[in-house]
Protein chains: 2
Amino acid sequence: MGATQRPTIKTVAARAGVGRTTVSRVLNGSPLVSDEARAAVQAAIAELGYVPNSVARSLVTSRTDSIALVVPESESRLGSEPYFSAVIRGVSGGLAGTQIQLLLTLVRDRRELDQLTRFLTARRVDGVLLVSVHRDDPLPGLLEELGVPTVLAGRRSPAESLSHVHSDNVDGASRAVRHLVDRGRTEIATITGPLDMDVAHSRLRGWREALRDAGREADESLVAPADFTEEGGRAAMRVLLERRPGLDAVFVASDVMAAGALAELRGHGRRVPDDVAVVGFDDSIVARHTDPPLTSVRQPVEEIGRTMTELLLREIAEPGSARRNVVLPTSLVVRDST
Amino acid sequence: MGATQRPTIKTVAARAGVGRTTVSRVLNGSPLVSDEARAAVQAAIAELGYVPNSVARSLVTSRTDSIALVVPESESRLGSEPYFSAVIRGVSGGLAGTQIQLLLTLVRDRRELDQLTRFLTARRVDGVLLVSVHRDDPLPGLLEELGVPTVLAGRRSPAESLSHVHSDNVDGASRAVRHLVDRGRTEIATITGPLDMDVAHSRLRGWREALRDAGREADESLVAPADFTEEGGRAAMRVLLERRPGLDAVFVASDVMAAGALAELRGHGRRVPDDVAVVGFDDSIVARHTDPPLTSVRQPVEEIGRTMTELLLREIAEPGSARRNVVLPTSLVVRDST
DNA sequence: CCCGCGTGTGGGAGCGTTCCCATCAGGTTG
DNA sequence: CAACCTGATGGGAACGCTCCCACACGCGGG
C-alpha cells in the first residue's frame, strides 16, 4: 500500500529513453555504451532511486555474490571465541569493497550438517570458508566433491589438497620453547590440543623440535593431550604434575587451556613463574588477564581471516586455478608467567 | 564438464509423470495433491537428488529466507567480543529448524553504511537484527522507514518504537550495588558505559536507585563515564580515585572496563577487595580470569539472541503485527573481587 | 437430467535480470 | 560506389520457480 512499486530495469530504460540492454550495460560497466546514453541512464537511476534486483541477476548468472563462513559449533563453544570473532573481522575486512555478502553457518549436529549439505548442493553460495578442521571432518571432502571453491583455516593434514591459511604453528611453538630454554628451564612439559587436529600436531612438533635442538629431553611423559577447553587444560596439568613432579615449565597449546593449567598449578601450591613457567598460545584477551598475565604466542588471526577471503575470492574468480596455501608468522608476547 | 546438469522442477515433473505445478505443490506442502501423485514426486526427487533452486523461488515470492545480523564495528572491536559471539550463537539457535540463513554485516564506516542501505532497500533480507544501538544511530530509523522487520538488542531510548530485547539492566545494576551495600561498603562509585547508549543510562539508574533505597549518597562525583574499553575503564578509575580517594567500592558497567579498573587500582596500591570492592557486568570470560576473579552481573546473552530471532520471525510472518519488547532477567555471580 | 460444487491437475504468464543475436548508422576500404 | 567493418543499440529468450486460471472428473441435489 502507499509505497509505489520499486523501479525495475524497465522503468529506468523507459525513463532514460533507451532499451533494457543499455541500462544493463551501464550497470555492469560495459564500454559499449555512448556517453550520452550512459549519462541518461545514470540520471534516470538517480531520479528513480533504482537499485538492481540481485536475486534476478543471480538467477541468470548463477552467481550469488555471497560466501559462507562455516563454523563447527565445538569451535565456537570451546572458549576460542576471541579467535572466532577476530576471524570474522578479518573476513569482513577482506570483503570490504566488494558487493559480496557473508553468511554465517554454525553446524552443531547431524541435522544441521545435512541442511548445510543441501544448501551447498543448491549452490546457494559462491564459496566457503571453513574454520576448525578436524582430521576426519566430512565437510572438506564434500566441498571438494561438489567443486565449491573452498578455503580452510588450518588443514586436515600436512597433505591438505584444499587451499588453506594458517599460522606457523611449528615455529610459534618452537619460539615458545626456546624462550623457556633461554630462561633456564630444564624440564619443559606441554599440553596439546585435540590430536585429531593438525594444529595440535604442529604445535607439538614445534615443542619437540625445539627441545631436540636444545639437546633437551622430549619424553612422552612430558606430553599431555587436552581439548582446548579450560577444564581440559586443568586436568592435563594435574596429570603432568603427577607424572613429572619436577617439571619447571609448560608450553600450553592455547591460552584458555593455559588458564586452566594456571589454576591447577596454584591449587598445588606451585608459584608461577618462580616454580613453573607457563606459555600459552593465541595471545587472546584471556592472556592479558590471567594471574599472572600469560606469556603467549601471538598469531595474526584477523589477517588469517582476511587472507582466506582473498584466496577464496581469487578461486571464485578463476575457477580451476591452482590451490594455494599461506602460512603466516607468529610472534612471542612475553608477560609475567615466564 | 562431466557433471550432469542439476535437475530442475521440470525434470522432476517429467520423471514423476506429472506437471510442474504438482511438483511445486508437493514441495510447498499443499494438501491439494493426491497421495499417489505425492509419492511419485517424492520418489522422483529422491532419485534425481533434486534440490529446489531457492533463488528462482525468491524471485517470484520476493522472500529471501535470510535475515541479517548487523553489527556496528565499534561493538565488536571494543572487547565485547564474548557478548558478540554469544548473541550469534543464540541467533543461530533460534534459526535452527527453519530454512533461514544468517547474514553477518559489520558496519565500520560511512561507505559500508551506504552499501548496507542499498542492500536493505533492495530487500535482500527478510528482516534485520541490530545490535549495539546508540541514541542517534541512523540505522533504526532507516529500517523503520523502509518497513523492514527489525528487532534491536537494546533500545535507542526508553521510548523505543521498534521491537527490542534486552536484559534488565536497571535491576542488574541495583543487584550489584545492593550486594556492595550488604558487604558494608559505604562510598560506592560507578564507571558507566558511553552515555549515548541507553544501556549505560539504565545501569547508571540502577546504581542510583539502589543507593537511594539504601539511604546512601549517589553524588555525581561518584560517577565516571567511559566507553566500554579496558583503557577507558582504567582512565575512569584514575579520575574516581582522584576525586574520591576514600571510595571503597566501584560498580563497573562492563567486565572489560572492570579489568582496566582493577589494573589501575593495583597501580595505586589498593587491594581488591580489601580496600576497594569491584563488580563488573556481563559475566564474560574475562571476569573469570581477572586478578582477583570478578564478581559480575550475568546477563543471558545467548537467550537475548534467541529471543530476538523469535520476535523477528514472528514479525516477518505477520507483517504489521504489534511491536514487542522482552526484558530478560539478570543474576549476580559473586567471586573474589567483593 | 442437468447444474453446481469441490478436488486434483496442468499450462501459461510473469518475477527482473543477462546474454545472444539481429539491426543499423557511419566510416573505411578496394 | 559496393562491400565491409566497427560501435552502439534493442528485442527475444532464458534462468527456475510460483501463482492464476482453466479444465476434467465425480458426486449430490434440485
Side-chain angles (χ1 to χ4, degrees), chain A residues 3-42 44-45 48-66 99 118-119 121-126, chain B residues 3-42 44-45 48-66 99 118-119 121-126:
Chain A
T4 133
Q5 206 63 18
R6 271 187 55 210
T8 76
I9 203 173
K10 245 174 168 166
T11 329
V12 175
R15 176 69 156 251
V18 300
R20 281 181 350 267
T21 314
T22 300
V23 177
S24 175
R25 277 196 263 264
V26 172
L27 253 24
N28 293 290
S30 158
L32 285 104
V33 182
S34 66
D35 291 345
E36 26 189 352
R38 189 186 317 275
V41 168
Q42 277 160 349
I45 288 176
L48 295 167
Y50 168 72
V51 179
N53 181 328
S54 44
V55 170
R57 170 182 293 157
S58 283
L59 182 57
V60 50
T61 59
S62 66
R63 299 193 57 207
T64 63
D65 287 326
S66 63
Q99 295 275 45
R118 289 172 54 83
F119 187 75
T121 309
R123 284 288 190 292
R124 286 282 302 274
V125 287
D126 296 340
Chain B
T4 131
Q5 205 64 17
R6 273 187 55 208
T8 76
I9 202 172
K10 244 173 168 167
T11 329
V12 175
R15 175 69 156 251
V18 299
R20 286 184 342 272
T21 315
T22 300
V23 177
S24 174
R25 279 194 264 262
V26 171
L27 253 25
N28 295 290
S30 159
L32 285 106
V33 183
S34 66
D35 291 344
E36 25 190 352
R38 189 186 316 276
V41 169
Q42 277 161 348
I45 288 176
L48 295 167
Y50 168 71
V51 179
N53 179 327
S54 45
V55 170
R57 170 182 292 159
S58 283
L59 183 55
V60 49
T61 60
S62 65
R63 298 194 57 206
T64 63
D65 288 327
S66 64
Q99 295 275 42
R118 287 172 55 85
F119 186 76
T121 308
R123 283 290 190 291
R124 286 282 303 275
V125 288
D126 296 340

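Each chain gets a letter, A, B and so on, in the order the sequences are listed, and its residues count up from 1.
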Please report the shortest heavy-atom distance between A:Ala40 and A:Ala16, naming the atom on each side.
O-CB, 3.7 Å

State, yes or no, whether a side-chain contact exists between B:Ile9 and B:Leu27 at a heavy-atom distance under 4.5 Å.
yes

Return the set of residues passing side-chain contact (heavy atoms from CB on, under 4.5 Å) with B:Thr21 (not counting sequence neighbours), or none when no residue passes.
B:Arg25

Which residues in residues 25-35 of chain A have at least one heavy atom lying under 4.0 Å from any atom of DNA chain D?
A:Arg25, A:Pro31, A:Leu32, A:Val33, A:Ser34

B:Leu59 CG to D:dA14 P, straight-line distance once rounded to whole Å
17 Å

Sorted by first residue and then second, give each salt bridge (Lys or Arg N to Asp or Glu O under 4.0 Å) pair with at least one member in residues 11-22 of chain B; sequence neighbours left out.
B:Arg15-B:Glu47

Atom pair distance, as rounded to whole Å: CZ in B:Arg6 and P in D:dG16
8 Å

Within residues 9-22 of chain B: residues closer than 4.0 Å to DNA chain D (heavy atoms):
B:Ile9, B:Arg20, B:Thr21

Can you find a heavy atom in the side chain of B:Val18 that is under 4.5 Å from one in the side chain of B:Val26?
no

Can you run down the salt bridge (Lys or Arg N to Asp or Glu O under 4.0 Å) pairs that involve residues 31-42 of chain B, sequence neighbours left out, and say none if there aren't any?
none

Contact summary for B:Ile45 and B:Val12, nearest pair of heavy atoms:
CG1-CG1, 3.8 Å

According to side-chain hydrogen bond (donor to acceptor under 3.5 Å, both in side chains), who are the partners of B:Gln42, at least two apart in sequence or on a separate chain?
none

side-chain hydrogen bond (donor to acceptor under 3.5 Å, both in side chains) with B:Asp65: which residues, sequence neighbours excluded?
none

Within this structure, what is the CD-to-C1' distance between A:Glu36 and D:dG7, rounded to whole angstrom?
13 Å

Separation of C:dT17 P from A:Arg63 CZ (nearest whole Å):
17 Å

To the nearest angstrom, how far is A:Arg57 atom CZ from C:dC15 atom P?
19 Å

Pair up each side-chain donor or acceptor in residues 48-61 of chain B with any protein partner under 3.5 Å, not counting sequence neighbours, and list the distances.
residue, atom, partner, partner atom, Å
B:Asn53, OD1, B:Val55, N, 2.8
B:Asn53, OD1, B:Ala56, N, 3.0
B:Ser54, OG, A:Arg124, NE, 3.1
B:Ser54, OG, A:Arg124, NH1, 2.5
B:Ser58, OG, B:Ser54, O, 3.1
B:Ser58, OG, B:Arg63, O, 2.7
B:Thr61, OG1, B:Arg57, O, 2.9
B:Thr61, OG1, B:Arg63, N, 3.3

Expressed in angstrom and rounded to an integer, what is the separation of A:Tyr50 atom OH from C:dG16 atom P?
10 Å

Taking Watson-Crick and G-U wobble contacts under 3.5 angstrom, with | marking pairs to another strand and [ ] crossing pairs, the secondary structure of DNA chain D is written ||||||||||||||||||||||||||||||

Rounded off to whole Å, could you give me the CG-to-P distance for the A:Asp65 and C:dT17 pair?
14 Å

Please report the distance, rounded to the nearest Å, between CD1 in B:Ile45 and P in D:dG16.
16 Å

As a test of reading the structure: which of D:dT18, D:dC17, C:dG16 is closest to the side chain of B:Ser24, going by heavy atoms?
D:dT18

